[in-house]
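Ligands are counted one by one from 1 in listed order, and the atoms in each one are counted from 1 as well. For reference, positions follow the sequence shown, starting with 1.
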Amino acid sequence: MQSMAESTTSSIAPPDLRNEFKQRARDQWSANPCGANAADGFEYGSRDYFEAIEKYRYEVYAPWMKRVIGFDEFAGKSLLEIGCGTGTDLLQFARGGASVTGLDLTPRSIEIARRRFEVYGLQGSFGIGDAENLAFPDASFDAVYSFGVLHHTPRTARAVEEVYRVLRPGGRAIVMLYHKSSLHYWAGLVFKHGLLHRELFHSSIADIMSRRVEHGSDHARPLVKAYTRAEARGMFSAFSGCEIIVDQLTRRELRPFGGLLPDNLFRRLARAFGWNLIIKATK
Ligand SMILES: C[S@@+](CC[C@H](N)C(=O)[O-])C[C@H]1O[C@@H](n2cnc3c(N)ncnc32)[C@H](O)[C@@H]1O
């Protein structure tokens, strides 16, 4: 592995922040870098700090992730992550032997991701940029990855077109979007907050999602959207192949029966009604 001294950080494309939602996204993730609350109490930027974020993500928050994403499948390939946040997943791809580029709208995310690579002595390229307007030539990457990002940008379909454009023919996209036909959407957001707490009487479901899905100290209220499998397939229709996997459900969401369900039934429910729609598409 080459050392971080060779890594680069650049403003890949000056993002257009005239859109209110893009500014809100920046505010949200500047104040609350993704996953960083799992490292409360550790010195910022230390190895312990990053290990706490990583441990929480793959052991508590989404234990299915390493298996479903396949971080080791891109050895020797060039991989772009759009919305890399603090670089947790990007680091796994780099450890798996991919040549990685991390891009994010929020300068603070890039600063943290870069620091993370430095701590582990891994090489990566980093830049500030916008998913809707990638400053890379056509067919630049073997793989494009984006987890929990494109549903926060106003023109999600446009961002998917950009993913397609920068992929080489035969290249692979892995994109996670929030899943509308999920327990979290219908039971948590629509029923609990919308009807039980009567929020739908004075605000829209879009407002509820913006308030409730991404928590933060600064109340930035970023844009949050969710998609059905059919809507996701529609956005990825230019790709030659598209597989959709659903996951991310907690036993807590299935209260009062969650703790009693056998593992195999719980897994089947997660695969049907989980909150994450993982789209794996080939150009
Ligand atoms: C929920 S975090 C996810 C971060 C990371 N993928 C993860 O799973 O830990 C969303 C990230 O997307 C970034 N983001 C939001 N809109 C974006 C856009 N239009 N272009 C690039 N990044 C964006 C935010 O700055 C933030 O770092």
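Ionic pairing of E59 and K55 is present here: one or more N-O contacts between side-chain nitrogen and carboxylate oxygen are shorter than 4.0 angstrom.
Among residues two or more places apart in sequence or in another chain, the salt bridge (charged side-chain N to carboxylate O under 4.0 Å, His left out) test is passed with E199 by R211, R212. Residues forming a side chain to side chain contact (heavy atoms under 4.5 Å, CB included) with A98 (at least two apart in sequence, or on another chain): F74, L79, F93, V100. Legend: residues meeting salt bridge (charged side-chain N to carboxylate O under 4.0 Å, His left out) with D142, ordered by chain and number and at least two apart, are R168.
Contact residues for ligand 1 (protein heavy atom closer than 4.0 angstrom to any ligand atom): W29, C34, R57, E81, G83, C84, G85, D104, L105, T106, S109, G129, D130, A131, F147, G148, V149, T153.
With ring centers used as reference points, F50 lies 6.0 Å or more from F42.
H151 and Y178 have parallel rings, their planes meeting at less than 30° on a 0 to 90° scale where 60° marks the start of perpendicular.
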